[in-house]
Protein chains: 2
Amino acid sequence: MQTELPAETETPDRGRAASRKATEAKILEAAEGVFAERGFSGTTTAGIAEAAGLPKANVHYYFGTKQALYRAVLDNILDLWLAPMAEFTEDADPALALTSYIKTKMWYSKNRPNASKVFANEVLHGAPQITDYLSDHLRQTVEDKSAVLRSWIDQGRIAPVDPVHLLFVIWAATQTYADFDIQVATVLGKQSLDESDFAAAEATVIQMVLATCGLT
Amino acid sequence: MQTELPAETETPDRGRAASRKATEAKILEAAEGVFAERGFSGTTTAGIAEAAGLPKANVHYYFGTKQALYRAVLDNILDLWLAPMAEFTEDADPALALTSYIKTKMWYSKNRPNASKVFANEVLHGAPQITDYLSDHLRQTVEDKSAVLRSWIDQGRIAPVDPVHLLFVIWAATQTYADFDIQVATVLGKQSLDESDFAAAEATVIQMVLATCGLT
DNA sequence: GTCTATAGCGCGATAGAC
DNA sequence: GTCTATCGCGCTATAGAC
(Lines give C-alpha, C1' and ligand atoms only; values in the text may rest on other atoms or scores of the structure.)
Protein backbone atom coordinates (compact mmCIF):
# COMPACT_ATOMS: atom_id res chain seq x y z
CA MET A 1 0.00 0.00 0.00
CA GLN A 2 2.59 2.52 1.12
CA THR A 3 5.52 1.37 -0.97
CA GLU A 4 5.69 -0.78 -4.05
CA LEU A 5 9.00 -2.26 -3.07
CA PRO A 6 9.29 -2.78 0.67
CA ALA A 7 12.87 -3.13 1.87
CA GLU A 8 12.73 -6.89 2.16
CA THR A 9 16.38 -7.56 2.74
CA GLU A 10 16.84 -4.77 5.23
CA THR A 11 13.82 -5.40 7.42
CA PRO A 12 12.91 -9.06 6.99
CA ASP A 13 10.14 -8.78 9.59
CA ARG A 14 8.17 -6.37 7.42
CA GLY A 15 7.31 -6.19 3.80
CA ARG A 16 6.08 -9.03 1.64
CA ALA A 17 7.25 -11.93 3.77
CA ALA A 18 5.64 -10.56 6.91
CA SER A 19 2.49 -9.69 5.00
CA ARG A 20 2.26 -13.24 3.71
CA LYS A 21 2.77 -14.63 7.20
CA ALA A 22 0.18 -12.29 8.65
CA THR A 23 -2.38 -13.26 6.02
CA GLU A 24 -1.64 -16.96 6.51
CA ALA A 25 -2.07 -16.57 10.26
CA LYS A 26 -5.36 -14.72 9.76
CA ILE A 27 -6.65 -17.51 7.51
CA LEU A 28 -5.46 -20.23 9.89
CA GLU A 29 -7.19 -18.63 12.85
CA ALA A 30 -10.41 -18.10 10.93
CA ALA A 31 -10.26 -21.66 9.61
CA GLU A 32 -9.78 -23.14 13.07
CA GLY A 33 -12.93 -21.38 14.23
CA VAL A 34 -15.05 -22.46 11.29
CA PHE A 35 -13.76 -26.05 11.29
CA ALA A 36 -14.48 -26.22 15.03
CA GLU A 37 -18.02 -25.00 14.54
CA ARG A 38 -19.02 -26.96 11.46
CA GLY A 39 -16.58 -29.82 11.03
CA PHE A 40 -14.57 -30.46 7.86
CA SER A 41 -17.43 -31.32 5.52
CA GLY A 42 -19.70 -28.62 6.92
CA THR A 43 -17.08 -25.96 6.37
CA THR A 44 -17.02 -24.03 3.10
CA THR A 45 -14.00 -22.15 1.82
CA ALA A 46 -16.35 -19.20 1.39
CA GLY A 47 -17.13 -19.40 5.11
CA ILE A 48 -13.46 -19.34 6.00
CA ALA A 49 -12.83 -16.47 3.60
CA GLU A 50 -15.66 -14.47 5.11
CA ALA A 51 -14.39 -15.12 8.65
CA ALA A 52 -10.93 -14.01 7.57
CA GLY A 53 -12.25 -10.96 5.72
CA LEU A 54 -10.90 -12.04 2.37
CA PRO A 55 -12.25 -13.09 -1.00
CA LYS A 56 -12.61 -16.83 -1.41
CA ALA A 57 -9.91 -17.12 -4.07
CA ASN A 58 -7.24 -15.82 -1.69
CA VAL A 59 -7.76 -18.76 0.64
CA HIS A 60 -6.94 -21.07 -2.25
CA TYR A 61 -4.03 -18.90 -3.27
CA TYR A 62 -2.41 -19.30 0.16
CA PHE A 63 -3.26 -22.91 0.98
CA GLY A 64 -4.19 -24.57 -2.31
CA THR A 65 -6.94 -26.90 -1.23
CA LYS A 66 -9.39 -27.05 1.65
CA GLN A 67 -7.73 -30.32 2.70
CA ALA A 68 -4.29 -28.72 2.87
CA LEU A 69 -5.62 -25.85 4.97
CA TYR A 70 -7.29 -28.33 7.30
CA ARG A 71 -4.02 -30.21 7.67
CA ALA A 72 -2.23 -26.96 8.49
CA VAL A 73 -4.82 -26.19 11.17
CA LEU A 74 -4.44 -29.68 12.62
CA ASP A 75 -0.64 -29.52 12.61
CA ASN A 76 -0.75 -26.35 14.71
CA ILE A 77 -3.04 -28.10 17.18
CA LEU A 78 -1.06 -31.32 17.58
CA ASP A 79 1.89 -29.41 19.01
CA LEU A 80 -0.33 -28.14 21.81
CA TRP A 81 -1.43 -31.63 22.72
CA LEU A 82 1.87 -33.29 23.55
CA ALA A 83 3.81 -30.47 25.23
CA PRO A 84 2.03 -30.36 28.61
CA MET A 85 2.86 -34.00 29.33
CA ALA A 86 6.45 -32.95 29.93
CA GLU A 87 5.27 -32.38 33.54
CA PHE A 88 5.68 -36.07 34.27
CA THR A 89 9.25 -36.88 35.19
CA GLU A 90 10.62 -39.51 37.56
CA ASP A 91 11.76 -37.02 40.17
CA ALA A 92 8.77 -34.68 40.03
CA ASP A 93 6.36 -34.46 42.96
CA PRO A 94 3.35 -36.56 41.90
CA ALA A 95 0.70 -34.32 43.44
CA LEU A 96 2.24 -31.20 41.92
CA ALA A 97 2.79 -32.77 38.51
CA LEU A 98 -0.77 -34.14 38.28
CA THR A 99 -2.29 -30.88 39.53
CA SER A 100 -0.21 -28.82 37.14
CA TYR A 101 -1.07 -31.06 34.18
CA ILE A 102 -4.80 -30.84 34.86
CA LYS A 103 -4.57 -27.07 35.23
CA THR A 104 -2.75 -26.79 31.91
CA LYS A 105 -5.24 -29.00 30.11
CA MET A 106 -8.13 -27.04 31.60
CA TRP A 107 -6.45 -23.79 30.59
CA TYR A 108 -6.47 -25.01 26.98
CA SER A 109 -10.13 -25.99 27.22
CA LYS A 110 -10.98 -22.50 28.39
CA ASN A 111 -8.66 -20.53 26.12
CA ARG A 112 -8.32 -22.71 23.02
CA PRO A 113 -11.70 -24.46 22.78
CA ASN A 114 -11.61 -24.40 18.99
CA ALA A 115 -8.35 -26.31 18.92
CA SER A 116 -9.88 -28.95 21.15
CA LYS A 117 -13.02 -29.15 19.03
CA VAL A 118 -11.17 -29.57 15.74
CA PHE A 119 -9.08 -32.32 17.29
CA ALA A 120 -12.17 -33.99 18.80
CA ASN A 121 -13.99 -33.86 15.47
CA GLU A 122 -11.03 -35.39 13.68
CA VAL A 123 -10.74 -38.28 16.16
CA LEU A 124 -14.49 -38.77 16.31
CA HIS A 125 -14.56 -39.43 12.58
CA GLY A 126 -11.77 -41.94 12.56
CA ALA A 127 -8.73 -39.65 12.71
CA PRO A 128 -8.01 -40.13 8.98
CA GLN A 129 -5.51 -37.25 8.88
CA ILE A 130 -3.60 -37.94 12.09
CA THR A 131 -3.27 -41.71 12.36
CA ASP A 132 0.50 -41.37 12.09
CA TYR A 133 0.61 -38.81 14.87
CA LEU A 134 -1.50 -41.00 17.14
CA SER A 135 0.45 -44.19 16.52
CA ASP A 136 3.88 -42.54 16.61
CA HIS A 137 4.28 -39.42 18.74
CA LEU A 138 1.27 -39.75 21.00
CA ARG A 139 1.64 -43.47 21.59
CA GLN A 140 5.33 -43.12 22.42
CA THR A 141 4.70 -40.21 24.77
CA VAL A 142 1.95 -42.09 26.59
CA GLU A 143 4.25 -45.08 26.90
CA ASP A 144 7.02 -42.94 28.40
CA LYS A 145 4.77 -41.04 30.76
CA SER A 146 2.82 -44.05 31.94
CA ALA A 147 6.17 -45.64 32.77
CA VAL A 148 6.85 -42.67 35.03
CA LEU A 149 3.46 -43.08 36.71
CA ARG A 150 4.14 -46.79 37.10
CA SER A 151 7.46 -46.05 38.79
CA TRP A 152 5.67 -43.73 41.22
CA ILE A 153 3.31 -46.58 42.04
CA ASP A 154 6.18 -49.04 42.48
CA GLN A 155 7.89 -46.61 44.84
CA GLY A 156 4.68 -46.25 46.82
CA ARG A 157 4.46 -42.55 46.02
CA ILE A 158 0.94 -42.87 44.56
CA ALA A 159 -1.76 -45.51 44.98
CA PRO A 160 -2.02 -48.25 42.33
CA VAL A 161 -4.06 -47.18 39.30
CA ASP A 162 -3.90 -48.06 35.62
CA PRO A 163 -1.62 -45.26 34.37
CA VAL A 164 -2.81 -45.24 30.76
CA HIS A 165 -6.51 -45.20 31.59
CA LEU A 166 -5.84 -42.50 34.18
CA LEU A 167 -4.45 -40.36 31.35
CA PHE A 168 -7.43 -41.15 29.11
CA VAL A 169 -9.81 -40.08 31.87
CA ILE A 170 -7.89 -36.87 32.53
CA TRP A 171 -8.01 -36.03 28.82
CA ALA A 172 -11.72 -36.78 28.64
CA ALA A 173 -12.55 -34.90 31.84
CA THR A 174 -10.67 -31.75 30.84
CA GLN A 175 -11.46 -31.67 27.12
CA THR A 176 -15.18 -32.21 27.70
CA TYR A 177 -15.35 -28.62 28.99
CA ALA A 178 -14.22 -27.42 25.57
CA ASP A 179 -15.78 -29.98 23.25
CA PHE A 180 -19.16 -30.18 24.99
CA ASP A 181 -19.22 -26.64 26.38
CA ILE A 182 -22.70 -26.10 24.96
CA GLN A 183 -24.07 -29.11 26.83
CA VAL A 184 -22.35 -28.18 30.09
CA ALA A 185 -23.51 -24.57 29.87
CA THR A 186 -27.08 -25.53 28.99
CA VAL A 187 -27.34 -28.03 31.83
CA LEU A 188 -25.97 -25.34 34.17
CA GLY A 189 -28.63 -22.97 32.84
CA LYS A 190 -26.17 -20.56 31.25
CA GLN A 191 -25.44 -19.12 27.83
CA SER A 192 -21.76 -19.93 28.10
CA LEU A 193 -19.22 -21.06 30.66
CA ASP A 194 -17.44 -18.45 32.78
CA GLU A 195 -14.37 -18.33 35.03
CA SER A 196 -16.17 -19.82 38.00
CA ASP A 197 -17.44 -22.81 36.00
CA PHE A 198 -13.93 -23.67 34.84
CA ALA A 199 -12.63 -23.17 38.37
CA ALA A 200 -15.24 -25.57 39.76
CA ALA A 201 -14.55 -28.09 36.99
CA GLU A 202 -10.81 -27.88 37.56
CA ALA A 203 -11.21 -28.32 41.32
CA THR A 204 -13.42 -31.39 40.81
CA VAL A 205 -11.04 -33.07 38.37
CA ILE A 206 -8.03 -32.36 40.59
CA GLN A 207 -9.94 -33.66 43.62
CA MET A 208 -10.85 -36.86 41.77
CA VAL A 209 -7.35 -37.57 40.46
CA LEU A 210 -5.62 -36.85 43.77
CA ALA A 211 -8.14 -38.98 45.67
CA THR A 212 -7.58 -41.80 43.18
CA CYS A 213 -3.84 -41.59 43.69
CA GLY A 214 -4.19 -41.47 47.47
CA LEU A 215 -2.68 -37.99 47.58
CA THR A 216 -5.24 -36.40 49.88
CA MET B 1 -44.18 -60.61 -2.48
CA GLN B 2 -46.31 -63.57 -1.44
CA THR B 3 -49.71 -61.90 -1.36
CA GLU B 4 -50.96 -58.70 -2.86
CA LEU B 5 -53.25 -58.03 0.10
CA PRO B 6 -51.71 -59.19 3.35
CA ALA B 7 -54.26 -59.68 6.13
CA GLU B 8 -53.35 -56.44 7.84
CA THR B 9 -56.18 -56.36 10.36
CA GLU B 10 -55.80 -59.99 11.30
CA THR B 11 -52.05 -60.13 11.73
CA PRO B 12 -50.89 -56.59 12.49
CA ASP B 13 -47.31 -57.78 13.03
CA ARG B 14 -46.98 -58.88 9.42
CA GLY B 15 -47.94 -57.44 6.10
CA ARG B 16 -47.49 -53.89 4.96
CA ALA B 17 -47.24 -52.23 8.37
CA ALA B 18 -44.54 -54.58 9.56
CA SER B 19 -42.70 -54.31 6.28
CA ARG B 20 -42.71 -50.54 6.55
CA LYS B 21 -41.47 -50.72 10.11
CA ALA B 22 -38.75 -53.18 9.19
CA THR B 23 -37.55 -50.97 6.33
CA GLU B 24 -37.62 -47.87 8.54
CA ALA B 25 -35.60 -49.70 11.17
CA LYS B 26 -33.10 -50.84 8.58
CA ILE B 27 -32.66 -47.28 7.32
CA LEU B 28 -32.39 -45.88 10.85
CA GLU B 29 -29.68 -48.34 11.79
CA ALA B 30 -27.73 -47.71 8.60
CA ALA B 31 -28.12 -43.96 9.05
CA GLU B 32 -26.83 -44.06 12.63
CA GLY B 33 -23.70 -45.81 11.45
CA VAL B 34 -23.02 -43.43 8.58
CA PHE B 35 -23.80 -40.30 10.60
CA ALA B 36 -21.48 -41.59 13.35
CA GLU B 37 -18.68 -42.14 10.89
CA ARG B 38 -18.96 -39.01 8.76
CA GLY B 39 -21.05 -36.47 10.66
CA PHE B 40 -24.17 -34.81 9.30
CA SER B 41 -22.59 -32.81 6.49
CA GLY B 42 -20.20 -35.58 5.53
CA THR B 43 -23.04 -38.06 5.17
CA THR B 44 -24.72 -38.52 1.80
CA THR B 45 -28.17 -40.00 1.37
CA ALA B 46 -26.59 -42.26 -1.23
CA GLY B 47 -24.21 -43.51 1.47
CA ILE B 48 -27.08 -44.29 3.81
CA ALA B 49 -29.01 -46.01 1.04
CA GLU B 50 -26.01 -48.14 0.16
CA ALA B 51 -25.48 -49.11 3.80
CA ALA B 52 -29.17 -50.04 4.04
CA GLY B 53 -29.11 -51.93 0.75
CA LEU B 54 -31.71 -49.73 -0.90
CA PRO B 55 -31.89 -47.25 -3.75
CA LYS B 56 -31.45 -43.65 -2.69
CA ALA B 57 -35.01 -42.65 -3.54
CA ASN B 58 -36.40 -45.06 -0.96
CA VAL B 59 -34.61 -43.27 1.84
CA HIS B 60 -36.41 -40.09 0.82
CA TYR B 61 -39.67 -41.94 0.42
CA TYR B 62 -39.54 -43.10 4.07
CA PHE B 63 -38.06 -40.07 5.78
CA GLY B 64 -38.54 -37.16 3.38
CA THR B 65 -35.36 -35.19 3.98
CA LYS B 66 -31.89 -35.96 5.25
CA GLN B 67 -32.60 -33.56 8.14
CA ALA B 68 -35.74 -35.45 9.17
CA LEU B 69 -33.89 -38.77 9.09
CA TYR B 70 -31.13 -37.28 11.22
CA ARG B 71 -33.70 -36.04 13.72
CA ALA B 72 -35.24 -39.51 13.88
CA VAL B 73 -31.81 -41.03 14.57
CA LEU B 74 -31.16 -38.47 17.29
CA ASP B 75 -34.56 -39.01 18.92
CA ASN B 76 -33.82 -42.71 19.26
CA ILE B 77 -30.52 -41.89 20.93
CA LEU B 78 -31.78 -39.32 23.42
CA ASP B 79 -33.96 -41.92 25.12
CA LEU B 80 -30.87 -43.99 25.86
CA TRP B 81 -29.14 -41.06 27.51
CA LEU B 82 -31.53 -40.23 30.32
CA ALA B 83 -32.78 -43.65 31.39
CA PRO B 84 -29.68 -44.94 33.25
CA MET B 85 -29.74 -41.99 35.66
CA ALA B 86 -32.77 -43.56 37.32
CA GLU B 87 -30.16 -45.39 39.44
CA PHE B 88 -29.84 -42.37 41.69
CA THR B 89 -32.53 -42.36 44.35
CA GLU B 90 -32.42 -41.06 47.93
CA ASP B 91 -32.53 -44.51 49.50
CA ALA B 92 -30.14 -46.28 47.13
CA ASP B 93 -26.72 -47.39 48.29
CA PRO B 94 -24.29 -44.74 46.94
CA ALA B 95 -21.48 -47.15 46.10
CA LEU B 96 -23.85 -49.54 44.33
CA ALA B 97 -25.70 -46.79 42.47
CA LEU B 98 -22.50 -45.09 41.23
CA THR B 99 -20.92 -48.41 40.24
CA SER B 100 -24.04 -49.53 38.44
CA TYR B 101 -24.38 -46.21 36.59
CA ILE B 102 -20.78 -46.31 35.38
CA LYS B 103 -21.21 -49.92 34.25
CA THR B 104 -24.34 -49.02 32.31
CA LYS B 105 -22.70 -46.03 30.64
CA MET B 106 -19.66 -48.13 29.77
CA TRP B 107 -21.93 -50.84 28.39
CA TYR B 108 -23.40 -48.28 25.98
CA SER B 109 -19.94 -47.12 24.94
CA LYS B 110 -19.02 -50.68 24.08
CA ASN B 111 -22.30 -51.80 22.52
CA ARG B 112 -23.74 -48.60 21.05
CA PRO B 113 -20.68 -46.58 20.06
CA ASN B 114 -22.44 -45.12 17.04
CA ALA B 115 -25.20 -43.67 19.21
CA SER B 116 -22.58 -42.02 21.38
CA LYS B 117 -20.71 -40.67 18.37
CA VAL B 118 -23.78 -39.16 16.74
CA PHE B 119 -24.67 -37.48 20.02
CA ALA B 120 -21.09 -36.25 20.50
CA ASN B 121 -20.97 -34.86 16.99
CA GLU B 122 -24.25 -33.03 17.48
CA VAL B 123 -23.11 -31.43 20.76
CA LEU B 124 -19.65 -30.66 19.39
CA HIS B 125 -21.20 -28.56 16.66
CA GLY B 126 -23.44 -26.55 18.90
CA ALA B 127 -26.31 -28.99 19.44
CA PRO B 128 -28.57 -27.12 16.99
CA GLN B 129 -31.10 -29.96 16.86
CA ILE B 130 -31.30 -30.81 20.55
CA THR B 131 -31.12 -27.52 22.42
CA ASP B 132 -34.63 -28.11 23.76
CA TYR B 133 -33.73 -31.58 25.00
CA LEU B 134 -30.64 -30.27 26.76
CA SER B 135 -32.33 -27.32 28.43
CA ASP B 136 -35.50 -29.20 29.36
CA HIS B 137 -35.22 -32.94 29.98
CA LEU B 138 -31.49 -33.25 30.58
CA ARG B 139 -31.18 -30.13 32.71
CA GLN B 140 -34.13 -31.16 34.89
CA THR B 141 -32.81 -34.69 35.31
CA VAL B 142 -29.36 -33.42 36.29
CA GLU B 143 -30.97 -31.06 38.78
CA ASP B 144 -32.97 -33.90 40.34
CA LYS B 145 -30.12 -36.35 40.46
CA SER B 146 -27.55 -33.88 41.74
CA ALA B 147 -30.00 -33.10 44.55
CA VAL B 148 -29.87 -36.79 45.46
CA LEU B 149 -26.08 -36.73 45.44
CA ARG B 150 -26.14 -33.59 47.58
CA SER B 151 -28.41 -35.28 50.11
CA TRP B 152 -25.96 -38.18 50.30
CA ILE B 153 -23.22 -35.68 51.05
CA ASP B 154 -25.33 -33.91 53.70
CA GLN B 155 -26.04 -37.26 55.33
CA GLY B 156 -22.32 -38.03 55.34
CA ARG B 157 -22.85 -41.05 53.14
CA ILE B 158 -20.34 -39.84 50.53
CA ALA B 159 -17.50 -37.33 50.72
CA PRO B 160 -18.17 -33.74 49.58
CA VAL B 161 -17.82 -33.29 45.83
CA ASP B 162 -19.52 -31.03 43.30
CA PRO B 163 -22.40 -33.31 42.18
CA VAL B 164 -22.95 -31.75 38.77
CA HIS B 165 -19.29 -31.76 37.78
CA LEU B 166 -19.00 -35.31 39.05
CA LEU B 167 -21.71 -36.26 36.54
CA PHE B 168 -19.97 -34.33 33.74
CA VAL B 169 -16.74 -36.19 34.45
CA ILE B 170 -18.48 -39.59 34.55
CA TRP B 171 -20.12 -38.83 31.19
CA ALA B 172 -16.81 -37.72 29.70
CA ALA B 173 -14.83 -40.63 31.13
CA THR B 174 -17.25 -43.28 29.90
CA GLN B 175 -18.23 -41.78 26.54
CA THR B 176 -14.62 -41.14 25.57
CA TYR B 177 -14.24 -44.91 25.07
CA ALA B 178 -16.91 -44.76 22.37
CA ASP B 179 -16.29 -41.32 20.84
CA PHE B 180 -12.48 -41.51 20.80
CA ASP B 181 -12.17 -45.28 20.47
CA ILE B 182 -9.76 -44.86 17.57
CA GLN B 183 -7.41 -42.74 19.65
CA VAL B 184 -7.58 -45.08 22.66
CA ALA B 185 -7.01 -48.14 20.51
CA THR B 186 -4.14 -46.57 18.60
CA VAL B 187 -2.38 -45.42 21.76
CA LEU B 188 -2.83 -48.92 23.16
CA GLY B 189 -1.30 -50.29 19.96
CA LYS B 190 -4.43 -52.10 18.83
CA GLN B 191 -6.74 -52.11 15.84
CA SER B 192 -9.83 -51.85 18.01
CA LEU B 193 -10.83 -52.10 21.66
CA ASP B 194 -11.73 -55.49 23.10
CA GLU B 195 -13.45 -56.81 26.22
CA SER B 196 -10.37 -56.47 28.39
CA ASP B 197 -9.84 -52.83 27.42
CA PHE B 198 -13.38 -51.91 28.40
CA ALA B 199 -13.02 -53.91 31.62
CA ALA B 200 -9.83 -52.02 32.53
CA ALA B 201 -11.43 -48.70 31.63
CA GLU B 202 -14.52 -49.49 33.67
CA ALA B 203 -12.44 -50.55 36.68
CA THR B 204 -10.40 -47.35 36.50
CA VAL B 205 -13.44 -45.06 36.29
CA ILE B 206 -15.18 -46.89 39.14
CA GLN B 207 -12.01 -46.75 41.22
CA MET B 208 -11.72 -43.00 40.63
CA VAL B 209 -15.34 -42.18 41.43
CA LEU B 210 -15.47 -44.34 44.55
CA ALA B 211 -12.17 -42.90 45.80
CA THR B 212 -13.49 -39.40 45.20
CA CYS B 213 -16.61 -40.17 47.19
CA GLY B 214 -14.64 -41.76 50.01
CA LEU B 215 -16.27 -45.12 49.36
CA THR B 216 -13.15 -47.26 49.44
C1' DG C 1 -0.75 -10.49 -4.69
C1' DT C 2 -5.76 -9.49 -5.10
C1' DC C 3 -10.05 -10.17 -6.82
C1' DT C 4 -14.31 -11.36 -10.13
C1' DA C 5 -16.35 -14.57 -12.74
C1' DT C 6 -17.16 -19.09 -13.87
C1' DA C 7 -16.15 -23.94 -14.85
C1' DG C 8 -17.21 -28.48 -13.28
C1' DC C 9 -19.29 -31.66 -10.42
C1' DG C 10 -21.34 -33.98 -6.33
C1' DC C 11 -25.32 -33.87 -3.77
C1' DG C 12 -30.36 -33.54 -2.03
C1' DA C 13 -34.49 -34.08 -3.78
C1' DT C 14 -38.15 -35.46 -7.09
C1' DA C 15 -40.76 -36.98 -11.31
C1' DG C 16 -42.70 -40.60 -13.21
C1' DA C 17 -42.44 -45.53 -15.10
C1' DC C 18 -43.29 -49.95 -13.12
C1' DG D 1 -44.04 -49.36 -2.53
C1' DT D 2 -39.86 -49.59 -5.53
C1' DC D 3 -36.72 -47.90 -8.57
C1' DT D 4 -34.23 -45.10 -12.60
C1' DA D 5 -33.29 -40.97 -14.46
C1' DT D 6 -32.63 -36.29 -13.87
C1' DC D 7 -33.05 -31.53 -12.19
C1' DG D 8 -30.88 -27.70 -10.08
C1' DC D 9 -28.28 -25.86 -6.36
C1' DG D 10 -24.05 -25.05 -3.88
C1' DC D 11 -19.61 -26.16 -3.48
C1' DT D 12 -14.32 -26.55 -4.61
C1' DA D 13 -11.21 -24.92 -7.45
C1' DT D 14 -9.27 -22.06 -11.17
C1' DA D 15 -8.75 -18.77 -15.15
C1' DG D 16 -7.56 -14.48 -16.09
C1' DA D 17 -8.19 -9.22 -15.54
C1' DC D 18 -6.18 -5.86 -12.60
Side-chain angles (χ1 to χ4, degrees), chain A residues 1-8 12-28 30-31 34-35 37-73 125 128-129, chain B residues 1-8 11-28 30-31 34-35 37-74 125 128-129:
Chain A
M1 280 294 213
Q2 280 188 306
T3 66
E4 287 198 73
L5 289 171
E8 262 183 84
D13 281 334
R14 304 195 179 186
R16 271 205 280 268
S19 164
R20 169 172 272 275
K21 274 211 162 188
T23 306
E24 278 177 2
K26 193 162 63 173
I27 294 171
L28 280 169
V34 182
F35 282 132
E37 198 176 328
R38 309 189 198 168
F40 179 78
S41 308
T43 294
T44 64
T45 52
I48 294 171
E50 192 190 347
L54 295 169
K56 190 173 56 166
N58 294 32
V59 173
H60 283 100
Y61 174 75
Y62 278 98
F63 287 93
T65 67
K66 180 181 160 183
Q67 270 278 344
L69 173 53
Y70 179 65
R71 286 299 309 255
V73 169
H125 298 122
Q129 308 291 325
Chain B
M1 281 288 214
Q2 280 188 306
T3 68
E4 286 200 73
L5 289 171
E8 262 184 79
T11 56
D13 282 336
R14 305 196 178 185
R16 272 204 280 267
S19 165
R20 168 172 274 274
K21 274 211 160 186
T23 306
E24 278 177 1
K26 193 162 64 175
I27 294 171
L28 280 168
V34 182
F35 282 132
E37 198 177 328
R38 309 189 199 170
F40 179 79
S41 308
T43 294
T44 65
T45 53
I48 295 172
E50 191 189 347
L54 294 169
K56 188 174 61 165
N58 294 30
V59 173
H60 284 100
Y61 174 75
Y62 278 97
F63 288 93
T65 66
K66 178 180 161 183
Q67 269 278 344
L69 173 53
Y70 179 65
R71 286 300 307 255
V73 169
L74 268 180
H125 298 122
Q129 308 290 325

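FYI, side chains are in, hydrogens and waters are out, and symmetry mates aren't considered; it's all heavy atoms of this structure. Model, not experiment: these values are computed from the prediction. Letters A, B, ... mirror the listed sequences (proteins, then strands); counts begin at 1.
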Inset, instruction - Would you mind reading off the distance between A:H60 atom NE2 and C:dT4 atom P, rounded to a whole angstrom? - result: 16 Å
Legend entry - Beyond-backbone contact of B:L69 with B:T45, side-chain heavy atoms, under 4.5 angstrom: no
Legend entry - Within residues 50-57 of chain B: residues closer than 4.0 Å to DNA chain C (heavy atoms): B:K56, B:A57
Legend entry - Atom pair NZ (A:K56) and CD1 (A:I48), whose distance is rounded to the nearest 0.5 Å: 12.0 Å
Inset, instruction - Give one of base, sugar-phosphate or nothing for A:S41, where a contact means two heavy atoms less than 4.0 Å apart. - result: nothing
Legend entry - Minimum side-chain heavy-atom gap B:F35-B:L74 below 4.5 Å: no
Inset, instruction - Answer with base, sugar-phosphate or nothing: what part of the nucleic acid does B:T65 contact at a heavy-atom distance below 4.0 Å? - result: sugar-phosphate
Inset, instruction - Look only at the side chain of B:K66 and the backbone of B:T43, and say whether a donor-acceptor pair between them is shorter than 3.5 Å. - result: yes
Legend entry - Side chain to side chain, B:F63 and B:E24, heavy atoms closer than 4.5 Å: yes
Legend entry - Segment of DNA chain D, first to last nucleotide, that comes within the 4.0 Å heavy-atom reach of chain A: D:dC11 to D:dT14
Inset, instruction - Decide yes or no for B:L54 and B:T23: does some side-chain heavy atom of the first lie under 4.5 Å from some side-chain heavy atom of the second? - result: yes
Inset, instruction - Report yes if some heavy atom in the side chain of A:Y62 is under 4.5 Å from a heavy atom in the side chain of A:R20; otherwise report no. - result: yes
Legend entry - salt bridge (charged side-chain N to carboxylate O under 4.0 Å, His left out) involving A:E50 - partner list, sequence neighbours excluded: none
Inset, instruction - Quick one: label B:Y62 by what it contacts on the DNA or RNA (base, sugar-phosphate, nothing), any heavy atom closer than 4.0 Å. - result: sugar-phosphate
Inset, instruction - Specify the separation, in whole Å, of atom CG of B:N58 and atom C1' of C:dA15. - result: 14 Å
